[in-house]
Amino acid sequence: MKIEAVTLREIRMPLVHFFETSFGRTTERRILLVTLHTDGPEGWGECVAGEDPFYSEESVDTAWYAVEKHLAPALLGKTIAKGADVPALLGRVRGHRMAKGALENAVWDAEAQEQRVPLWRLLGGTQTEIACGVSIGIQNSVEQLLEKISTELAAGYRRIKVKCKPGWDLKVFERIRARWPEILMSCDANSAYTLGQIEHLKQFDRFNLLMIEQPLWHDDFYFHALLQKQIKTANCLDESIHGRRDACAAIELGACRIINIKVGRVGGFSEAVAVHDVAQQARIPVWCGGMLETGIGRSHNIALSTLPNFTLPGDVSASKRYWKEDIIEPAVEVSPQGLIKVSQEAGRGFQLKTGFIEQLTVRKQTLRAQ
Ligand code: SMG
Ligand code: MG
């Protein structure tokens, strides 16, 4: 396909409910979407960078800059056979993985339509339904959290992940386990602790957690390996894993027993598949993380989750948990069994509500091949 133009757009969407982690609270999303205009089908990608550089170094504004000044110009006017060819074209730019991922995934999105195959098949997926968990943020009170857990369990979700931080951990887990001793439950610290708090972290073992996600520094493997040796609960790395080599290093060091794969965090589908593959070889299960995506990123996460080593429920859940109205149709729905059935249609399997996307757009720029 020939890349004739790239449109960057920022949309704004209020969340149905605020989402709070150890690094802050989000109430409204600013989201960068990219559209690839080709001589064939149009490809869409979602950049998962946040409003502020708190989860990672990237933000909507740095991603916009990277796409506008460096990444889109590296693709414009080129003829690209497939999504897998994109990383080499963007490789001169260091970092900016979420920005790169949006563009690369848009090429895969177009390629799947061009080839008339479901995106999940193009990626090498084998599972036709995926198991869903939910991530529940820090709430105003423990009662509010219990209420939310109860709602999600009733909806069928197969794993409950709660965000934690010092002051919102052991007492909260105690209350959850008192009510639901058996549910599959994990926690995510988003780097809220240090190794100096190891005695405190050891107490997490009492709660039979499936994993503790990214307890220590966002860029660390070594101290996570020291921690893993001293706790029974499995460490899961999220923020630290930027690609295949990071996954190899973390596994070799014993820094984690589980890996969270976020396609944006690793720079696109090619690297996400590579992380999946090395984890599979090392018998490390993976699951698909979420970044409060709209339906575009959500549909891409669903496609990725069909790969065979995605054996744990992911943070891929129904559109209505985030948005009053999603930008795709149908909205992502989860069955009462906690499963998403993947579409057999060509492409991402969901249509775009282009009129609605225009209404939500606050900034837009089209770059054309010279
Ligand atoms: O999309 O359901 C979702 C959010 C899942 O908890 C989630 N993501 O560290 O895993 C994580 C966080 C990062 C979100 S930052 C706003
Ligand atoms: Mg996480």
Side-chain angles (χ1 to χ4, degrees), residues 13-32 46-60 63 98 130-139 145 148-149 152 155 157-165 168 185-193 209-220 224 234-242 250 256 258-266 286-302 304-305 312-323 326 332 334 338 340:
M13 287 175 81
L15 287 166
V16 168
H17 188 265
F18 67 80
F19 189 78
E20 185 171 327
T21 67
S22 61
F23 56 76
R25 184 178 279 199
T26 309
T27 52
E28 188 191 43
R29 295 280 349 263
R30 290 177 60 201
I31 299 166
L32 168 60
E46 175 166 346
C47 176
V48 301
E51 296 69 36
D52 301 294
F54 298 160
Y55 167 84
S56 80
E57 298 85 341
E58 290 185 79
S59 69
V60 174
M98 294 174 175
I130 64 161
C132 307
V134 285
S135 170
I136 307 183
I138 294 166
Q139 304 296 318
L145 176 66
K148 285 208 163 291
I149 295 175
E152 305 299 8
Y157 286 102
R158 296 184 169 207
R159 182 271 280 140
I160 301 290
K161 154 172 146 185
V162 292
K163 292 288 183 181
C164 65
K165 65 177 183 181
W168 184 271
M185 169 180 164
S186 67
C187 69
D188 185 357
N190 289 108
S191 307
Y193 303 91
L209 300 172
L210 175 63
M211 69 190 98
I212 170 169
E213 191 177 334
Q214 200 72 34
L216 307 177
W217 300 273
H218 71 93
D219 54 357
D220 169 76
H224 279 93
N235 272 342
C236 169
L237 289 178
D238 171 354
E239 282 89 330
S240 301
I241 305 291
H242 301 109
C256 62
I258 297 174
I259 292 177
N260 164 330
I261 300 184
K262 288 181 180 159
V263 62
R265 194 193 66 228
V266 301
V286 303
W287 55 279
C288 186
M291 290 293 284
L292 310 174
E293 289 93 344
T294 72
I296 296 175
R298 211 163 279 281
S299 68
H300 289 176
N301 287 342
I302 293 170
L304 183 66
S305 303
L312 295 171
D315 277 347
V316 183
S317 55
S319 300
K320 67 173 183 206
R321 295 190 62 248
Y322 304 85
W323 318 116
D326 204 338
V332 174
V334 172
I340 295 175

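Note that the numbering runs from 1 along the sequence shown for the chain. Values reported hereafter were calculated over all heavy atoms of this structure, with side chains retained and with hydrogens, waters and symmetry mates removed. Just follow the structure's listing: the first ligand is 1, and inside any ligand the first atom is 1.
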Review point. Salt-bridged, R159 to D315, with N to O below 4.0 Å?
Key: yes
Practice item. Using a 4.0 Å heavy-atom cut-off, say whether K262 meets ligand 1 through its side chain, its backbone, both or neither. Key: side chain
**Study point:** Closest approach to the Mg ion (ligand 2) by E213, given as the N, O or S atom name
**Key:** OE2
Exercise for review: Report the C-alpha distance between E46 and R298 in whole Å, list the side-chain angles of each, state the deciding distance to 0.1 Å, and finish with yes or no for salt bridge (Lys or Arg N to Asp or Glu O under 4.0 Å).
Suggested key: CA-CA 9 Å; E46 175 166 346; R298 211 163 279 281; over 6 Å; no
Study note, to complete from the structure: The atom of D188 among N, O or S that is nearest the Mg ion (ligand 2) is OD2
Point to revise | Pairwise distance NZ(K262) to CD(E239) - rounded to 0.5 angstrom | key: 6.0 Å
Check your understanding: Between F54 and ligand 1, which part of the residue brings a heavy atom under 4.0 Å of the ligand: side chain, backbone, both or neither?
Key -> neither
Review point. Quick check: does N190 get an N/O under 3.5 Å from an N/O on ligand 1?
Key: yes
Exercise for review: Could you see which bit of Q214 sits under 4.0 Å from ligand 1, with heavy atoms only: side chain, backbone, both or neither?
Suggested key: neither
Point to revise | Nearest-option assignment for atom 5 (C) of ligand 1, heavy atoms, candidates S317, G24, G290 | key: G290
Check your understanding: Do the side chain of S59 and the main chain of P53 share a donor and acceptor less than 3.5 angstrom apart?
Key -> no
Practice item. Return the option from R265, E239, M291, E20 holding the heavy atom at the smallest distance from atom 14 (C) of ligand 1. Key: M291
Exercise for review: Quick one: report the N, O or S atom of D238 that is nearest to the Mg ion (ligand 2).
Suggested key: OD2
Study note, to complete from the structure: So for T21 against ligand 1, with non-hydrogen atoms under 4.0 Å, the contacting part is neither
Point to revise | Distance, nearest 0.5 Å, that separates OG of S191 from CG of D220 | key: 9.0 Å
Check your understanding: Closer than 2.8 Å to the Mg ion (ligand 2), do we get an N, O or S atom from E239, backbone or side chain?
Key -> no
Check your understanding: With distance as the sole test, does N260 use its side chain to make a donor-acceptor pair with the main-chain N or O of E213 at under 3.5 Å?
Key -> no
Exercise for review: Look at D315 and state whether any of its N, O or S atoms is less than 2.8 Å from the Mg ion (ligand 2).
Suggested key: no
**Study point:** Heavy-atom gap R321 to ligand 1 smaller than 4.0 Å
**Key:** no
Study note, to complete from the structure: Checking heavy-atom distances from atom 3 (C) of ligand 1 to each of Y322, F23, F19, Y55, the winner is Y322
Study note, to complete from the structure: Between the CG atom in L210 and the CH2 atom in W287, the distance rounded to the nearest 0.5 Å is 9.0 Å
Review point. If you measure from the Lys or Arg side-chain nitrogens to the Asp or Glu carboxylate oxygens, is any gap between D238 and R265 under 4.0 Å?
Key: yes
Exercise for review: Measure V134 to ligand 1 on non-hydrogen atoms and call it side chain, backbone, both or neither using the 4.0 Å cut-off.
Suggested key: neither
